[in-house]
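Below: one structure, written as structure tokens.
The figures that follow rest on heavy atoms only: side chains count, while hydrogens, waters and symmetry mates do not.
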Amino acid sequence: MKMGIKEIQEIIPHRHPFLLIDCIEELEPGVRAVGYKSVTYNEPQFNGHFPQEPVMPGVLMVEALAQVGAVAILSVEANRGKTAYFGAIDKCKFKQKVVPGDRLRLECEIIRQKGPVGVGRAVATNQDGKVAVSAELTFMIGS
């Protein structure tokens, strides 16, 4: 199942400038999702991070991964209209710089869930297939 911005916004509450995913290319509700983020120079964070050498902040890469995971978990009919909140970030490793012009492939697989709490294994890779960041993201589903 493919989704554009409008379909993504029907599932998660994020909006510009904090909606950090451009599309969803693969979706298995409650199981996994794969999305993409095209990093462009005109994004607001690059005014100060860093003006001479723009680098996407690591926390924003993790947030983009979490948004893809939120699409996976909130696309389950029982979770429609709810919000997925961060519970924890574990085993997070940054491996590559992400700069304007990069296209990130964002994948999150739900590996555990019990009630409203679960864990997603998340990996962002650049257009060359190199891992930029990986982490286990704990989420809590709330109303």
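Qualifying side chain to side chain donor-acceptor pair (under 3.5 Å) partners for Lys97, counting only residues two or more places apart in sequence or in other chains: Glu53. In this view, Glu43 and Lys37, Thr40, Gln45 satisfy the side chain to side chain donor-acceptor pair (under 3.5 Å) rule, not counting sequence neighbours.
No donor-acceptor pair closer than 3.5 Å links the side chain of Glu7 to the backbone N or O of Gln9. No donor-acceptor distance shorter than 3.5 angstrom exists from the side chain of His49 to the backbone of Met56, with no hydrogens or angles considered.
In plain terms, the two heavy atoms of Cys92 and Val133 that are nearest each other are SG-CG2, 4.0 Å. Between Pro54 and Tyr41 the shortest heavy-atom distance is CG-CE1, 3.7 Å. Here the closest non-hydrogen pair linking Leu106 and Ala124 is CD2-CB, 3.7 Å. Shortest non-hydrogen contact noted between Tyr85 and Ser143 is OH-O, 3.7 Å. Between Ala72 and Leu27, the shortest heavy-atom contact is CA-CD1, 3.8 Å. Among all heavy-atom pairs drawn from Lys82 and Gly142, the shortest one is CB-O, 3.2 Å.
Put simply, the residue from Asn79, Val117, Thr83 that forms a side-chain contact (heavy atoms from CB on, under 4.5 Å) with Ile141 is Asn79. A side-chain contact (heavy atoms from CB on, under 4.5 Å) with Ile21 holds for exactly one of Val71, Ile5, Leu65; it is Val71.
Of the inter-residue distances, the one linking Ile8 atom CD1 with Ile24 atom CD1 reads 5.0 Å to the nearest 0.5 angstrom. Atom NZ of Lys95 is separated from atom CG of Asn126 by 13.5 Å, given to the nearest 0.5 angstrom. The distance from the CD atom of Glu107 to the OG atom of Ser134 is 12.0 Å, given to the nearest 0.5 Å. In this structure, CG on Asp22 lies 10.0 Å from CG on Leu104, to the nearest 0.5 angstrom. In this structure, CD on Gln67 lies 4.5 Å from CG on Leu20, to the nearest 0.5 angstrom. Between the CD atom in Glu109 and the CZ atom in Arg121 there is a gap of 5.5 Å [rounded to 0.5 Å].
Annotation: side chain of Met3 is in contact with side chain of Ile11 (closest heavy-atom distance under 4.5 Å). Inter-residue side-chain proximity for Phe139 and Leu74 is flagged as unmet; no heavy-atom pair is nearer than 4.5 Å. Side-chain contact between Asp128 and Gln96: absent, with no pair of heavy atoms (C-beta onward) separated by less than 4.5 Å. Residues Val62 and Phe94 have side chains in contact (heavy-atom distance under 4.5 Å, counting atoms from C-beta outward). Taking the side chain as every heavy atom from C-beta outward, Pro116 and Met140 never approach each other to under 4.5 Å.
In the hydrophobic clustering, where aliphatic and aromatic side chains (Ile, Leu, Val, Met, Phe, Trp, Tyr) are joined below 4.5 Å either directly or transitively, Val131 groups with Val123.
Under the 4.5 Å side-chain heavy-atom criterion for Ile, Leu, Val, Met, Phe, Trp and Tyr, Val119 and Val76 are members of distinct hydrophobic clusters. Taking hydrophobic clusters as Ile, Leu, Val, Met, Phe, Trp and Tyr residues chained together by side-chain heavy-atom distances below 4.5 Å, Met61 does not share a cluster with Tyr36. A continuous path of hydrophobic side-chain contacts links Ile110 to Phe86 [ILVMFWY only; heavy atoms under 4.5 Å].
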